[in-house]
Amino acid sequence: MLKSPHILSPSLSSTEEDQKIELKLHKPVNRNTQWFSSPGMWAVYIALIVATRFVFELFLPTYSAWTTWNVFHSIVTFIGLHWVKGTPFSSEGTHVGDYKYDRLTQWEQIDGGVQYTTTRKFLIFIPIIMFVLTLHYTSYNPLNFLINFAAFAVIFVAKQPFMAKVRLFGINSD
């Protein structure tokens, strides 16, 4: 007797499960975001984060370097993933003129918009680790905590499913 896929993973709603199955069957054709899922991207991303951390340490005291590092990462990823919309490539890759991605941010385009894929989990996990490391190495200083928490909260909330295609107060909407 075959089991229903809904019985196998009760934590997923049928819509999310159907989207994940479709994503596996039909690989994303959006060249603007498919590189996020490539094997080397994660290693390069982590290497850039670590290198940036060492650069800040060269010029700033330890507490400031950790906080600046976390805030810098939050600003760069917010702009790159959650602010800039559209794609420089068409989905067919032959001509510019496919406008279905023009109103979507990079985050909304990753993995066809399916939530909690491996790539999205990785991109959610990195700011969490950075926030925890920053808190630890700034000795839980209250001022540093507030600054780091504000930077972390903005980037973390922006990645949540309830924020998909939401433009607060009409900001960044066309």
Side-chain angles (χ1 to χ4, degrees), residues 9-20 22-23 28 30 32-38 41-53 55-56 60 63-88 100-174:
S9 60
S11 64
L12 294 175
S13 70
S14 62
T15 306
E16 289 175 330
E17 192 167 315
D18 292 341
Q19 288 176 340
K20 282 191 175 192
E22 182 156 341
L23 181 63
N30 184 353
N32 195 42
T33 59
Q34 76 184 51
W35 62 273
F36 282 105
S37 300
S38 67
M41 179 282 214
W42 294 9
V44 170
Y45 184 51
I46 290 172
L48 285 172
I49 289 172
V50 170
T52 306
R53 171 65 191 95
V55 168
F56 284 130
L60 298 169
Y63 280 40
S64 297
W66 282 99
T67 298
T68 303
W69 176 64
N70 188 44
V71 170
F72 177 77
H73 178 266
S74 294
I75 290 169
V76 169
T77 56
F78 182 81
I79 291 170
L81 292 177
H82 305 288
W83 188 264
V84 176
K85 295 187 292 186
T87 175
K100 67 182 175 181
Y101 298 115
D102 283 356
R103 294 180 177 258
L104 299 177
T105 64
Q106 290 282 339
W107 181 258
E108 294 162 347
Q109 295 176 45
I110 293 173
D111 293 333
V114 177
Q115 295 294 327
Y116 303 120
T117 60
T118 306
T119 301
R120 284 180 177 234
K121 287 177 186 177
F122 172 76
L123 292 171
I124 291 171
F125 182 68
I126 292 295
I128 293 170
I129 294 300
M130 290 178 67
F131 176 65
V132 171
L133 285 172
T134 302
L135 289 182
H136 176 73
Y137 286 106
T138 58
S139 301
Y140 303 94
N141 175 288
L143 178 60
N144 284 324
F145 173 80
L146 288 174
I147 294 168
N148 286 302
F149 181 75
F152 168 73
V154 167
I155 203 70
F156 185 74
V157 169
K159 290 179 178 3
Q160 299 310 304
F162 64 86
M163 292 301 293
K165 300 178 185 171
V166 173
R167 308 293 183 257
L168 295 178
F169 310 114
I171 299 172
N172 198 28
S173 61
D174 297 310

Could you list the donor-acceptor pairs under 3.5 angstrom formed by side chains in residues 146-155, with sequence neighbours left out?
residue : atom : partner : partner atom : Å
N148    : OD1  : N70     : ND2          : 3.0
N148    : ND2  : T67     : OG1          : 3.2
N148    : ND2  : N144    : O            : 2.7

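- A salt bridge (charged side-chain N to carboxylate O under 4.0 Å, His left out) check over residues 41-53, counting only residues at least two apart or in different chains, returns the pairs R53-E57.
- Side chain of S64 to main chain of L60: no donor-acceptor pair is present (N/O by atom type, distance under 3.5 Å, no hydrogens or angles).
- The side-chain heavy atoms of K159 and R120, taken from C-beta on, include no pair separated by under 4.5 Å.
- Ring orientation note: the planes of F122 and Y45 are nearly perpendicular, at an angle over 60° on the 30°/60° scale.
- Inter-residue side-chain proximity for L81 and I110 is flagged as met; some heavy-atom pair is nearer than 4.5 Å.
- A pairwise comparison of heavy atoms in F36 and T119 identifies O-CG2, 3.6 Å as the closest pair.
- A side-chain donor-acceptor contact under 3.5 Å links Q109 to the backbone of L104.
- With sequence neighbours left out, the side-chain hydrogen bond (donor to acceptor under 3.5 Å, both in side chains) criterion links Y137 to no other residue.
- Residues H73 and P127 approach most closely at CE1-CG, 4.2 Å, considering heavy atoms.
- Taking all atoms of both residues into account, the shortest heavy-atom contact from L123 to M41 is CD2-CE, 4.0 Å.
- Atom-to-atom distance recorded for I124:CD1 and F156:CZ is 6.5 Å, nearest 0.5 angstrom.
- Remark: the backbone N or O of V157 is not paired with any side-chain donor or acceptor of Q160 at under 3.5 angstrom.
- Judged as a side chain to side chain contact (heavy atoms under 4.5 Å, CB included), and not counting sequence neighbours, the contacts of L135 are F131, Y140, F145.
- Taking S139 as the reference, Y63 meet the side-chain hydrogen bond (donor to acceptor under 3.5 Å, both in side chains) condition, with sequence neighbours excluded.
- Residue K85 holds its NZ atom at 8.5 Å from OG1 of T105, rounded to the nearest 0.5 Å.
- The side-chain contact (heavy atoms from CB on, under 4.5 Å) with I129 is formed by just one residue from the set I126, L133, V132; it is L133.
- Annotation: side chain to side chain contact (heavy atoms under 4.5 Å, CB included) contacts of V55 (sequence neighbours excluded): F59.
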